[in-house]
There are 2 protein chains.
Amino acid sequence: MKDLKQVAVIGLGLLGGSIASGVLRCFSNVRVVGYAHRPATRARAEQLAVATEIVDSLEQSVVGADIVILAAPISTFENIFEKISIKLPAGCIVTDVGSTKVLPHRWAADKLPGNVHYVGSHPIAGSEQRGVEFARDDLLYRAVCILTTTGKTNPRAVQKLERFWLQLGCLVKLMKPAEHDRIFANVSHVPHVTAAALTNATSTKELKFAGKGFMDTSRIASGPADIWADVLLSNTENTKKGIDKVIAELLKLKKAIDSKDRKQIEKLLAAARKKRQALIDYKVNQKEII
Amino acid sequence: MKDLKQVAVIGLGLLGGSIASGVLRCFSNVRVVGYAHRPATRARAEQLAVATEIVDSLEQSVVGADIVILAAPISTFENIFEKISIKLPAGCIVTDVGSTKVLPHRWAADKLPGNVHYVGSHPIAGSEQRGVEFARDDLLYRAVCILTTTGKTNPRAVQKLERFWLQLGCLVKLMKPAEHDRIFANVSHVPHVTAAALTNATSTKELKFAGKGFMDTSRIASGPADIWADVLLSNTENTKKGIDKVIAELLKLKKAIDSKDRKQIEKLLAAARKKRQALIDYKVNQKEII
């Protein structure tokens with residue numbers, strides 16, 4: 001990418017650190033400037049050399065950037081947009097990697113100057129781990145990255161950002177922010193709530209007998225509580241609807257079990273099995289699973 | 001084990017096939033006689049050489065056995081106990097590897113002759129795969145195996161069966177059948193129902209955007225519907241109670257999200273995270289996770 005000289009990454013956790021080091025690996029002659037709120041994180045990021053340079057001023061981190069990426073908690077975006085706005089170079093692209101997109105678009109419209117281009121990003125990558133120590137320069141390889149746009153989004157900025165994620169190894173898809181938040185409530189936020197609910201419903205004593213099934217079903221419940229509270233609070237209506245749908249399906253199964261209706265139990269379990277198999281087939285076909 | 005010459009394995013799916021081939025690997029001079037209901041399964045088991053001999057008569061399979069292991073669906077146990085009872089050698093041990101234990105104990109007491117010893121077994125091993133093709137002779141290595149006993153169970157039979165599972169690499173724990181079924185409703189059967197409910201609650205179109213989190217949370221929903229219907233139908237009361245507990249926890253989270261109560265959301269998510277971390281620490285400590 002000849003039109004890319006400098007990338008700023010704000011927030012150097014698992015995802016921010018992985019993006020920064022991924023840019024160093026996948027692009028030649030691109031400077032990566034990293035910023036993190038906590039001095040300890042900046043020191044670790046410096047030690048791990050995830051960026052070309054780590055700076056200790058949020059505002060300074062965006063000076064000279066062609067692309068600015070927010071990889072901090074969603075609840076900090078509004079404030080960050082406001083703070084960096086005076087230093088953003090004209091024509092630069094601002095994006096974020098938050099797990100919800102309606103509010104970031106709203107905050108960007110409110111807080112960013114008219115001469116920069118905001119596009120939402122959501123790379124579907126991560127783990128239940130947190131912190132720059134777990135950053136990997138190939139975390140985004142073959143990850144789906146959703147770009148969110150509205151009628152007002154600059155098409156050339158979208159194209160440039162798309163090329164950026166493609167070069168990091170992502171599979172890029174475009175979506176409207178509201179569509180994004182509805183879909184990801186159901187495939188990500190509600191599963192997170194469900195994993196937490198399942199874990200909370202089981203006593204520590206009983207959990208000693210948990211096998212691989214329980215461990216997998218609950219894995220995402222090990223994710224950081226503050227980050228996930230942020231996500232849920234920025235997508236409340238969709239998440240609430242999704243929780244209701246899970247409860248409705250649980251009650252269907254409970255009713256079938258209560259009336260010892262083998263046919264209905266098998267029907268419900270077989271439907272889930274079939275749907276999940278179709279999903280695996282799709283992902284293998286898309287080469288998301290290799 | 002000098003007092004073990006012959007083992008019969010009835011049912012040659014993933015678990016039965018793995019036990020049969022595990023015995024061949026872990027014991028010397030022990031004959032393994034395998035039986036499966038379907039001719040096609042017997043033919044595949046023969047090809048894969050999971051047992052010393054595959055026979056095509058259920059009754060004949062137990063002749064000469066020191067230990068008889070039922071690895072068929074739970075709903076077939078009562079009938080199998082009845083059919084094999086006339087051929088069971090005096091003093092032999094009969095066990096099963098079903099995921100629930102109260103009903104197998106009841107059926108054994110009803111159908112097995114007084115001169116054989118029934119002990120329940122539940123090796124916590126398996127996968128969402130099914131069939132003898134997926135059998136592995138090390139599937140039970142470091143798996144927990146619960147033995148269930150009542151006041152009437154012969155202590156020497158328990159000891160012998162315990163040595164058997166230990167030699168296959170299991171970590172053996174003893175329990176009463178009712179305790180077993182209550183615990184495993186919560187750590188296994190309810191998670192299965194939850195994974196299926198979560199999958200059924202999500203549309204196929206949306207699922208295309210599912211990431212690793214959803215895939216793990218829903219993995220066990222790919223298990224065989226008929227086998228799991230069997231399990232749920234043999235543990236209805238405990239499973240229903242467990243489903244109610246999960247729904248109660250989902251509603252707690254929904255309420256906190258609805259009232260945008262960040263403190264309460266973080267508290268609930270952090271409780272789940274902490275509980276799961278304690279579980280991982282316990283399992284690492286027990287060397288169940290290496």
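Side chains are part of it too, since the values below use all heavy atoms of this structure and drop only hydrogens, waters and symmetry mates. Below, read A as the first sequence line, B as the second, and so on, with proteins coming before strands; counting in each chain starts at 1.
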Report task. Among A:Ile257, A:Ile265, A:Leu253, A:Asn200, single out the residue with the greatest number of heavy-atom pairs under 4.5 Å to chain B. Result -> A:Asn200
Report summary line: Okay, A:Asn235 and chain B: the region with an atom under 4.5 Å from a heavy atom over there is neither
Query raised in the report: For B:Ser188, is it the side chain, the backbone, both, or neither that has a heavy atom closer than 4.5 Å to a heavy atom of chain A?
Result: neither
Report summary line: Greatest number of non-hydrogen atom pairs under 4.5 angstrom with chain B, of A:Ile146, A:Leu251, A:Leu268, falls to A:Leu268
Report task. Give the member of B:Leu250, B:Val246, B:Val190 that has the highest number of heavy-atom pairs under 4.5 Å with chain A. Result -> B:Leu250
Report task. Would you check if the side chain of B:Thr76 reaches a backbone N or O of B:Ala72 as a donor-acceptor pair within less than 3.5 Å? Result -> no
**Report entry** Check: B:Thr202 main-chain N/O paired with A:Lys245 side-chain donor or acceptor under 3.5 Å
**Finding:** no
Report summary line: Given A:Lys274, A:Lys260, A:Lys267, the one with more heavy-atom pairs under 4.5 angstrom with chain B than any other is A:Lys260
Query raised in the report: Checking salt bridge (charged side-chain N to carboxylate O under 4.0 Å, His left out) for the pair A:Lys252/A:Glu249: CA distance, chi angles, key distance, verdict?
Result: CA-CA 5 Å; A:Lys252 265 193 222 171; A:Glu249 292 294 335; 3.2 Å; yes
Query raised in the report: Without hydrogens or angle criteria, can the side chains of A:Asp181 and A:Thr100 be said to hold a donor-acceptor pair below 3.5 Å?
Result: no
Query raised in the report: Will you find, in the side chains of A:His105 and A:Thr150, an N or O donor that is under 3.5 Å from an N or O acceptor?
Result: no
Query raised in the report: Do B:His122 and B:Phe184 have their ring centres less than 6.0 Å from each other?
Result: yes
Report summary line: Pair count under 4.5 Å, heavy atoms only, with chain A: among B:Glu237, B:Arg262, B:Lys205, highest is B:Arg262
Query raised in the report: If you count heavy-atom pairs under 4.5 Å with chain B, which of A:Gln277, A:Glu179, A:Lys254 comes out on top?
Result: A:Lys254
Query raised in the report: Do the side-chain N and O atoms of B:Ser121 and B:Thr95 include a donor-acceptor pair separated by under 3.5 angstrom?
Result: yes
**Report entry** Heavy-atom pair count under 4.5 Å with chain B, highest-scoring of A:Leu198, A:Leu232, A:Ile124, A:Thr194
**Finding:** A:Leu198
Requested in this report: Answer with yes or no whether the side chains of B:Asp230 and B:Ser75 bring together a donor and an acceptor at under 3.5 Å.
Outcome: yes
Report task. Indicate whether any N or O donor in one side chain lies under 3.5 Å from an N or O acceptor in the other, for B:Ser222 and A:Arg276. Result -> yes
Query raised in the report: Passes salt bridge (charged side-chain N to carboxylate O under 4.0 Å, His left out), B:Asp138 versus B:Arg136? Steps please.
Result: CA-CA 5 Å; B:Asp138 65 347; B:Arg136 287 168 29 198; 3.1 Å; yes
Requested in this report: Select one option (side chain, backbone, both, neither) describing which atoms of A:Ala271 are under 4.5 Å from chain B's heavy atoms.
Outcome: both
Query raised in the report: Under a 4.5 Å heavy-atom cutoff, which of B:Ala272, B:Ala248, B:Gly242 has the most pairs with chain A?
Result: B:Ala272
Query raised in the report: Given a strict heavy-atom distance threshold of 4.5 Å, which part of A:Thr236 is in contact with chain B: side chain, backbone, both, or neither?
Result: both
Requested in this report: Output the option from B:Thr239, B:Asp216, B:Ile243 having the highest count of non-hydrogen pairs under 4.5 Å with chain A.
Outcome: B:Asp216
Query raised in the report: Given the options B:Val193, B:Thr217, B:Asp244, B:Asp226, which has more heavy-atom pairs under 4.5 Å with chain A than any of the others?
Result: B:Thr217
Report summary line: One option among A:Ala195, A:Gly211, A:Ala143, A:Ser218 has the most heavy-atom pairs under 4.5 Å with chain B, and it is A:Ser218
Query raised in the report: Side chain, backbone, both or neither: which part of B:Leu207 has a heavy atom under 4.5 Å from chain A?
Result: both
